[in-house]
Enquirer: 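The structure follows.
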There are 2 protein chains.
Amino acid sequence: MQRGTDPTTLEFAILGLLALAPHSGYDLLQIFETTAIGNYSSSPGAIYPALGRLEKRALIEGVVDDSHALRPKKVFRPTPDGKKVLRRWLRARITENDVQRHLDELLLRFAFHSLVDKQASRDFLNDLARATDEYVAKLREQRKIFSDDEPPHGRMAFEFGIERYRACARWARRTLRHFEEEAS
Amino acid sequence: MQRGTDPTTLEFAILGLLALAPHSGYDLLQIFETTAIGNYSSSPGAIYPALGRLEKRALIEGVVDDSHALRPKKVFRPTPDGKKVLRRWLRARITENDVQRHLDELLLRFAFHSLVDKQASRDFLNDLARATDEYVAKLREQRKIFSDDEPPHGRMAFEFGIERYRACARWARRTLRHFEEEAS
DNA sequence: TCGCACATGTAACGTGTTACATGATTCA
DNA sequence: TGAATCATGTAACACGTTACATGTGCGA
């Protein structure tokens, strides 16, 4: 990560977790190992260097806590700068590239949306629904290239891709409805 | 890719495409750029080195064709060894790790299943349905850690994860049925 | 005293991304 | 003449994976 470039998905995942509650590296390790967020990584070899980069860039800061642990640990929390970067990420517009290749990251983004206002979440879900719809339409166009006398496996796998995005659009709309109802 | 280790996802994607029909590097580039398989990569900077590695490992071989093109191009096809490695991959048992973190690769695998026998495809789909069911059950257990008085965003994103795997299981069963019907 | 949980890291390696380089031919 | 397409690559860079290293304190 160079100065000025965006943090990676893993770095955002860490930044988000730290924004919800301060943690040590070891804490984070446990979280990544035992919960579903572990899909975004894993292993000390990724976490500790990521923490180092975030600290070096002053997006997080760590204070040593040797009060009651076996061994002193360094507890990290986001700096004001870190929170700003995080919120910018959370509110960023959804691009076609996000939808096509980084759907998982989009969902991670939404998972931290308690850190931004409700309108941003609604915008996000609207954007996501629209963008996935568009992509589904595009995929349906592409499906035509599969002819009926070829073996069907390619087309079948392709159809799972379509299903996946349809499921995403459905989820976005359902979740959006949930937000609207709650508001009333 | 070292001797003896498995090719990467991109390398398998290339190997699979070449098994369906011989292609030059430029051909592959077009395919990756214009079709949905592009989700598995992209860009000459990845394709050409991957071709080089596969050739070095003697999983593919290229012959120069300067018959009618503007410029001579090198057309690659899998060697017998390459086909063996590919088929081993296609028939490999589905692990929990595959399901949790490499679902896309699994679908890519299935896309090339016209290269193996029908029974292997049925095994694959059965395995996939069972493995995703198991993982959904595990995720549902994990969902309980979200309490009702926290902000709901984390749980909502988590639920999309569950939906995704349910959609996968449904797809696998539907496709399996398709295979059974066809057989009768 | 053996191993496990706590706690933090480093080093080697390979790979993908991005950007750039090159050179021929066709078409406006 | 210049742009677009065909066709193949290379170089710098950062990141994740895997494996290893280190040391404490607690319980069997």
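Excluded from the calculations below are hydrogen atoms, water molecules and symmetry mates; all remaining heavy atoms, backbone and side chain alike, are included. So you know, we letter chains A, B, ... as the sequences are listed, proteins then strands, and number each from 1.
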Enquirer: Measure the distance from OH on B/Tyr40 to C1' on C/dT17 and round it to the nearest whole Å.
Expert: 19 Å

Enquirer: Ignoring backbone atoms, test whether B/Arg53 places a side-chain nitrogen or oxygen under 4.0 Å from the OP1 or OP2 oxygen of C/dG14.
Expert: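 B/Arg53 to C/dG14 OP1/OP2: no side-chain N or O under 4.0 Å.
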
Enquirer: Report the residue from B/Met156, B/Glu159, B/Glu163 that forms a side-chain contact (heavy atoms from CB on, under 4.5 Å) with A/Arg174.
Expert: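 Filter result, single survivor: B/Glu163.
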
Enquirer: Reckon B/Thr8 has a side-chain N or O less than 4.0 Å from the OP1 or OP2 of C/dG14?
Expert: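 No, because none of the side-chain N or O atoms of B/Thr8 sits under 4.0 Å from OP1 or OP2 of C/dG14.
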
Enquirer: How about B/Thr79 and B/Glu61: does a side-chain donor come under 3.5 Å of a side-chain acceptor?
Expert: no

Enquirer: Return the nearest nucleotide to the side chain of B/Ser43; candidates are D/dT8, D/dT17, C/dT17.
Expert: C/dT17

Enquirer: Rounded to whole angstroms, how far apart are CG on B/Asn39 and C1' on C/dG16?
Expert: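 In whole Å, C/dG16 C1' lies 15 Å from B/Asn39 CG.
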
Enquirer: Looking just at side-chain N and O atoms, do B/Glu105 and B/Trp89 make a donor-acceptor pair shorter than 3.5 Å?
Expert: yes

Enquirer: What is the distance, to the nearest angstrom, from the CD atom on A/Gln30 to the P atom on C/dC6?
Expert: 6 Å

Enquirer: Can you check the B/Leu29 CG to D/dT5 P distance for me, whole Å?
Expert: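 After rounding, the gap between these two atoms is 14 Å.
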
Enquirer: What is the distance, rounded to the nearest whole Å, between atom CD of A/Glu33 and atom P of C/dA5?
Expert: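 Taking atom P of C/dA5 as the reference, CD of A/Glu33 is at 11 Å.
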
Enquirer: Find which nucleotide of DNA chain D each of B/Arg101 and B/Asp27 is nearest to by heavy atoms, and output the residue with the more 5' nucleotide.
Expert: B/Asp27

Enquirer: OP1 or OP2 of D/dC6 less than 4.0 angstrom from a side-chain nitrogen or oxygen of B/Tyr26, does that happen here?
Expert: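 So the side chain of B/Tyr26 is within the cut-off, an N or O lying under 4.0 Å from OP1 or OP2 of D/dC6.
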
Enquirer: Hey, does B/Gly45 reach any base, or is it just sugar-phosphate, or nothing, if we go heavy atoms under 4.0 Å?
Expert: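 The residue B/Gly45 makes base contact.
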
Enquirer: Just the rounded figure in Å: distance from C1' of D/dA7 to OH of B/Tyr48.
Expert: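 Rounded to the whole Å, the gap is 5 Å.
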
Enquirer: Does A/Gln100 reach the side chain of A/Thr95, with side-chain heavy atoms less than 4.5 Å apart?
Expert: no

Enquirer: Could you state the NZ-C1' distance from A/Lys73 to C/dA5, rounded to the nearest angstrom?
Expert: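 Computing the A/Lys73:NZ to C/dA5:C1' distance gives 13 Å.
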
Enquirer: Check the distance between C/dT8's P and A/Asp65's CG and give it to me in whole angstrom.
Expert: 10 Å

Enquirer: Flag the pair B/Asp133 / B/Tyr165 as yes when at least one side-chain heavy-atom distance between them is below 4.5 Å, and no otherwise.
Expert: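 The answer is no, as the side chains (C-beta and beyond) never meet within the 4.5 Å cut-off.
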
Enquirer: Closest to the B/Leu10 side chain: D/dC15, C/dG16, D/dT8?
Expert: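 So the side chain of B/Leu10 is nearest to C/dG16.
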
